[in-house]
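Data block below; observations after.
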2 protein chains.
Amino acid sequence: MIKTGLFENIAEVSDEARNAFIGYLEEIQAEKGYKLEKAGEVSNYLFYIAQGSARSFYIRDNRDITVSFSLEGEFVTAMHSFITRSPSYETIETLEKSLLYRISYENLQRCFQEFQDLERVYRIILEKYYIALEEQMIFSKFKSAKERYLELMEKKPKIIQRASVGHIASFLDMTIETLSRVRSKI
Amino acid sequence: MIKTGLFENIAEVSDEARNAFIGYLEEIQAEKGYKLEKAGEVSNYLFYIAQGSARSFYIRDNRDITVSFSLEGEFVTAMHSFITRSPSYETIETLEKSLLYRISYENLQRCFQEFQDLERVYRIILEKYYIALEEQMIFSKFKSAKERYLELMEKKPKIIQRASVGHIASFLDMTIETLSRVRSKI
DNA sequence: ACCCTGCCTTGACAAAAGTCAAAATATCAA
DNA sequence: TTGATATTTTGACTTTTGTCAAGGCAGGGT
């Protein structure tokens, strides 16, 4: 069952806690371009991507800048907004037809109050996301445009296929022209 | 009392949990250049900086690259290593004489087992650090060398005084020459 | 098929930042 | 204070990436 795939590779959770959590999940069949979160609104859900993919982006100075891609098996939300309960600066949209599960902020907090195991699971997920972000940041400091592209190809090849050149370029912090040149010289 | 400053602005913690946590803390009077964590070793402590400051850095391709500065009132550890229990790639050192408190990984886990409030506090701290990292990452995507410097001056002016040009430059992802030129034109 | 339209690629040039080397300045110990 | 050493600044030049403009290519609707 896909819903429980959520818990794979994560610390042990009691059946009770697991069932409570699953009980709160809502399934979403999302078409390509479905907006999980919208800039200007408070992020009210934590999403789990069972199938498909998504990208998070900011609009600033009329530029659309992708800050992350999320794939199957990952959680995603507009973290800043979700945590601070203030309007989001970012928008999150699916890159393709996707199967999502979401839990609301309130219900997640309710889970934490009731089940310490779930708070622990969430904490461990947060830790993983933190170190992933740290790695991404460090890697971007050491690499040239070409190396950044090669690393993305290696680590998230699926992104290369599904995202547009514009999305990939802004994610890798270069222009589409530079990306185009990089690709032509591989 | 400084130790309890740790808990300010953080969710309510029961006296019992607070005392247990404080009981595990070790005080460290660190001179300038004291190594909190060393590359190649597993990070065993979470540090709280009561007074002073620190920087985390990587050595790669013979370059010393600063990835973060930490100030009074902040927690710091080589997060990747601390979480995964594998050797650290980063080294953390004080930038000046500092007063630190540290708790070992084992004792922190013990606290989490015993007191849900402490796991919650840790979770909330993690959340704050996550969004801070996210912001730092996003901001670096939008800004030029000069803007990055101006933003650092505004947000962490203390760093400008205490860290060397080399540290600041690598943190801001530019060479010391570029930084020097940026500074001369303000 | 045809023309849109949007997206991607290519080219010429410009701007930003990096590299290397030398000079200036600061730091520190004797 | 002086000299030795390390750090910072400055200058000339190179490399990388960005900008602007033109052209190519693919898919959708008529």
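Quick caveat: nothing in here was measured; it's all calculated off a predicted structure. Per chain, numbering begins at 1; letters A, B, ... match sequence-line order.
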**Request:** Apply side chain to side chain donor-acceptor pair (under 3.5 Å) to the pair A:S43 and A:S88, showing each step before the final yes or no.
**Result:** CA-CA 6 Å; A:S43 166; A:S88 173; over 6 Å; no
**Message:** Could you walk me through whether B:F82 and B:Y105 satisfy the ring pair (Phe, Tyr, Trp, His ring centres under 6.0 Å) test, starting with their C-alpha distance in whole Å, then the side-chain angles of each, then the deciding distance to 0.1 Å, before giving a yes or no?
**Reply:** CA-CA 7 Å; B:F82 190 76; B:Y105 179 81; 5.2 Å; yes
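With sequence neighbours excluded, the residues forming a salt bridge (charged side-chain N to carboxylate O under 4.0 Å, His left out) with A:E119 are B:R120, B:R123, listed by chain and number. Annotation: salt bridge (charged side-chain N to carboxylate O under 4.0 Å, His left out) contacts of A:K35 (sequence neighbours excluded): A:E93. Applying the salt bridge (charged side-chain N to carboxylate O under 4.0 Å, His left out) test to B:K141 and every residue at least two apart in sequence or in another chain returns nothing. Taking B:H80 as the reference, A:E135 meet the side chain to side chain donor-acceptor pair (under 3.5 Å) condition, with sequence neighbours excluded. Listed by chain and number, the residues in a ring-ring contact (aromatic ring centres under 6.0 Å, His included) with B:Y149 amount to none (sequence neighbours excluded). Among residues two or more places apart in sequence or in another chain, the ring-ring contact (aromatic ring centres under 6.0 Å, His included) test is passed with B:Y122 by B:F112.
Distance CD1 (A:I168) to P (C:dT9): 10 Å, rounded to an integer number of Å. Across the protein-nucleic acid pair, B:L179 atom CG and C:dT19 atom P stand 15 Å apart, rounded to whole Å. Distance B:D173 CG to C:dA17 P: 11 Å, rounded to the nearest Å. We find that CD1 of B:I176 is positioned 12 Å from P of C:dC20, with the value rounded to whole Å. Between the NZ atom of A:K141 and the P atom of C:dA17 there is a distance of 15 Å, rounded to whole Å.
Rounded to 10°, the angle separating the first-five-pair axis and the last-five-pair axis of the helix from C:dA1-D:dT30 to C:dA30-D:dT1 equals 40°.
Residue pairs meeting the salt bridge (charged side-chain N to carboxylate O under 4.0 Å, His left out) criterion with at least one member in residues 167-186 of chain A: none, sequence neighbours excluded.
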Show every donor-acceptor pair shorter than 3.5 Å between a side-chain atom in residues 151-159 of chain B and any protein atom, with sequence neighbours excluded, or say none if there are none.
residue, atom, partner, partner atom, Å
B:E151, OE1, B:K143, NZ, 3.2
B:E151, OE2, B:K155, NZ, 3.0
B:K156, NZ, B:F69, O, 2.9
B:K158, NZ, B:G52, O, 3.4
B:K158, NZ, B:E72, OE2, 3.1

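Considering all non-hydrogen atoms of both residues, A:A17 and A:L118 come closest at O-CD1, 3.6 Å.
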Using nucleotides 11-13 of chain C, report all nitrogen or oxygen pairs with the protein that are shorter than 3.5 Å.
residue, atom, partner, partner atom, Å
C:dG11, N7, A:R181, NH2, 2.7
C:dG11, O6, A:R181, NH2, 2.8
C:dA12, N6, A:R181, NH2, 3.2

Between the protein and nucleotides 25-28 of chain C, which nitrogen or oxygen pairs come in under 3.5 angstrom?
none

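Sequence order on DNA chain C of the closest nucleotides to A:S180 and B:K143 puts A:S180 first from the 5' end. DNA chain D is contacted by both A:S144 and B:A163; B:A163 maps to the nucleotide lying nearer its 5′ end (nearest heavy atom per residue).
Under a 3.5 Å cut-off, the side chain of A:E147 and the backbone N or O of A:S144 do form a donor-acceptor pair.
Closest contact between the side chain of B:T175 and the listed nucleotides C:dT10, C:dT19, C:dA17 involves C:dT19.
You can see that DNA chain D meets the heavy atoms of chain A within a 4.0 Å-exclusive cut from D:dT17 to D:dC20, reading 5' to 3'.
The side-chain heavy atoms of B:N44 and B:E106, taken from C-beta on, include a pair separated by under 4.5 Å.
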